[in-house]
A.B. asks: 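First, the structure itself, so that you have it in front of you.
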Protein chains: 2
Amino acid sequence: MAIKVHGSPMSTATMRVAACLIEKDLDFELVPVDMVSGEHKKHPYLSLNPFGQVPAFEDGDLKLFESRAITQYIAHVYADNGYQLILQDPKKMPIMSVWMEVEGQKFEPHASKLTWELGIKPIIGMTTDDDAVKESEVQLSKVLDIYETRLAESKYLGGDSFTLVDLHHIPNIYYLMSTKVKEVFDSRPRVSAWCADILARPAWVKGLEKLQK
Amino acid sequence: MAIKVHGSPMSTATMRVAACLIEKDLDFELVPVDMVSGEHKKHPYLSLNPFGQVPAFEDGDLKLFESRAITQYIAHVYADNGYQLILQDPKKMPIMSVWMEVEGQKFEPHASKLTWELGIKPIIGMTTDDDAVKESEVQLSKVLDIYETRLAESKYLGGDSFTLVDLHHIPNIYYLMSTKVKEVFDSRPRVSAWCADILARPAWVKGLEKLQK
């Protein structure tokens with residue numbers, strides 16, 4: 001049975017899962033969820049994701065939600081397909097896991113707030129909350145200072161090769177590179193080079209094309 | 001070499017790691033970090049956790065931070081010790097992983113805010129922000145509505161047995177049970193029974209004793 005991703009092309013979490021599937025050379029059907037009419041907040045969609053958010057994921061009988069749980073499932077179950085997104089060395093995997101948590105707990109809260117305020121609100125005609133932007137920018141800068149140091153000792157955040165850790169960051173960075181927050185990334189040379197590198201992944205470029213078709 | 005946990009008895013993240021180690025019957029040394037004097041924001045502690053937060057973890061040469069990455073390391077590497085905290089069935093593990101992300105992404109932001117405002121600020125002589133409490137209580141209630149439904153179909157959040165998913169919740173719930181937010185848990189019968197169950201885990205009780213000694 002085919003893999004299905006129920007989601008929206010604008011959603012960073014949908015983008016995250018699509019990029020992961022393409023890195024793994026896996027074919028999938030994108031099932032559009034009409035967020036304008038609130039389809040994600042109603043049944044039957046809520047049976048796929050009780051939090052009423054996108055994406056929801058189906059692989060045969062298995063139904064999952066939460067983008068980072070989905071990407072981990074894909075990376076582990078399809079370990080032999082496409083690009084290897086996890087470090088299997090037992091000494092390196094726990095370090096990758098640390099930086100995976102850093103993305104979810106430290107980067108995501110501020111980056112997603114900025115993506116919402118500066119990347120998405122203008123598109124859907126809402127007014128940006130400048131105070132929220134200022135606060136999130138300060139917090140994100142602190143995180144990126146630590147990334148700058150980390151990237152001096154390791155080519156990628158999770159280790160020496162591109163992994164799920166880096167992939168999880170891409171969708172927010174993609175949005176923020178078209179906003180004034182680009183400066184916060186660009187002013188840190190290693191972070192800036194890392195952003196350019198991960199945004200140039202062919203799987204990411206192909207994922208964007210597939211979503212925006 | 002012995003396992004070391006650098007942390008503070010008041011910290012929910014330190015508690016999370018301690019409870020996990022005790023569930024796994026692993027001995028460890030608790031190395032106190034003096035947060036009052038800001039030891040966690042200075043070198044050499046920053047070499048253990050660049051974010052300047054507790055805990056930091058050492059198992060021989062391996063140094064980790066981020067409590068959820070540490071517990072995952074312990075649960076996987078010491079799979080054969082003590083209580084089995086992960087579901088190894090390949091159909092059940094991805095579902096556990098979904099609910100692990102739910103804890104980190106949906107429960108933790110609101111629960112930790114409430115723990116800080118109502119559980120910790122009064123102890124350290126700071127003033128509670130009532131607006132922040134009100135907002136977080138509303139958001140936490142929505143999450144607990146979904147937990148109430150989930151717990152109708154599954155005895156524990158991650159599956160039929162107690163796993164890391166439930167364990168990750170315990171420290172915030174422990175604090176919140178001594179605050180007015182207890183009502184938000186108690187008004188949902190399945191959530192209330194689940195809280196009573198997981199707070200009564202002997203490993204949790206033993207962990208609290210060890211931390212508070």
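Only this structure's heavy atoms are used, side chains among them; waters, hydrogens and symmetry mates stay out. A, B, ... follow the sequence lines: proteins, then strands. Residue 1 opens every chain.
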A.B. asks: So, do A/Trp99 and B/Phe65 have ring centers that fall under 6.0 Å from each other?
C.D. replies: yes

A.B. asks: Given a strict heavy-atom distance threshold of 4.5 Å, which part of B/Ile146 is in contact with chain A: side chain, backbone, both, or neither?
C.D. replies: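 Just the side chain, heavy atoms under 4.5 Å.
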
A.B. asks: Are the side chains of B/Met10 and B/Ile124 in contact, using a 4.5 Å heavy-atom criterion?
C.D. replies: yes

A.B. asks: Using heavy atoms and a sub-4.5 Å threshold, report which of residues 185-195 of chain B line up against chain A, by residue number.
C.D. replies: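 Against chain A, none of the residues of residues 185-195 of chain B fall inside the cut-off of heavy atoms under 4.5 Å.
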
A.B. asks: Between A/Tyr175 and A/Trp116, is the gap from one ring center to the other below 6.0 Å?
C.D. replies: no

A.B. asks: Answer whether the closest heavy-atom distance between the side chains of A/Arg16 and A/Thr71 falls below 4.5 Å.
C.D. replies: yes

A.B. asks: Hey, are the side chains of B/His40 and B/His6 touching, using non-hydrogen atoms and a 4.5 Å cut-off?
C.D. replies: no

A.B. asks: Considering all heavy atoms of both residues, which atom of A/Asp166 and which atom of A/Leu157 are nearest to each other, and what is their separation?
C.D. replies: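 Minimum heavy-atom separation between A/Asp166 and A/Leu157: OD1-N, 3.1 Å.
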
A.B. asks: Counting the benzene-type ring for Trp, do A/His169 and A/Tyr147 have ring centres under 6.0 Å apart?
C.D. replies: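 That pair passes the under 6.0 Å test.
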
A.B. asks: Is there a side-chain contact between B/Glu135 and B/Gln139, using heavy atoms and a 4.5 Å cut-off?
C.D. replies: yes

A.B. asks: Out of B/Ser97, B/Pro90, B/Ser67, B/Pro94, which one racks up the most heavy-atom pairs below 4.5 Å with chain A?
C.D. replies: B/Pro94

A.B. asks: For the pair B/Glu117 (side chain) and B/Asp129 (backbone), establish whether a donor and an acceptor sit closer than 3.5 Å, ignoring hydrogens and angles.
C.D. replies: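 Answer holds: yes.
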
A.B. asks: With a strict 4.5 Å heavy-atom criterion, list every residue of residues 48-55 of chain B that contacts chain A, or say none.
C.D. replies: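 Counting heavy atoms that sit under 4.5 Å from chain A, the residues of residues 48-55 of chain B involved are B/Pro50, B/Phe51, B/Gln53.
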
A.B. asks: Go through the side-chain N and O atoms of B/Ser11 and B/Thr14 and say whether any donor and acceptor fall under 3.5 Å apart.
C.D. replies: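 Looking only at side-chain atoms, B/Thr14 and B/Ser11 do form a donor-acceptor pair, the distance falling under 3.5 Å.
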
A.B. asks: Go through the atoms of B/Tyr73 and report whether side chain, backbone, both or neither lie under 4.5 Å from a heavy atom of chain A.
C.D. replies: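 Only the side chain of B/Tyr73 comes within 4.5 Å of chain A.
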
A.B. asks: Heavy-atom pairs under 4.5 Å with chain A - which of B/Met100, B/Lys106, B/Lys91 has more of them than the others?
C.D. replies: B/Lys106

A.B. asks: State, yes or no, whether a side-chain contact exists between B/Val33 and B/Tyr45 at a heavy-atom distance under 4.5 Å.
C.D. replies: yes

A.B. asks: If I measure from the heavy atoms of chain A, does B/Lys142 come under 4.5 Å with its side chain, its backbone, both, or neither?
C.D. replies: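 Neither part.
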
A.B. asks: Please flag which part of B/Leu62 lies under 4.5 Å from any non-hydrogen atom of chain A: side chain, backbone, both or neither.
C.D. replies: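 Just the side chain, heavy atoms under 4.5 Å.
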
A.B. asks: Flag the one option from B/Glu108, B/Met93, B/Lys63, B/Arg68 with the top tally of heavy-atom pairs under 4.5 Å to chain A.
C.D. replies: B/Arg68

A.B. asks: With no hydrogens and no angle check, do the side chains of B/Tyr156 and B/Asp197 hold a donor and an acceptor under 3.5 Å apart?
C.D. replies: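 Yes.
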
A.B. asks: Against chain B, label A/Gln72 side chain, backbone, both or neither, depending on which of its atoms sit under 4.5 Å from a heavy atom there.
C.D. replies: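 Just its side chain gets close to chain B.
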
A.B. asks: Answer with yes or no whether the side chains of B/Ser112 and B/Asn172 bring together a donor and an acceptor at under 3.5 Å.
C.D. replies: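 No, no side-chain donor-acceptor pair sits under 3.5 Å.
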
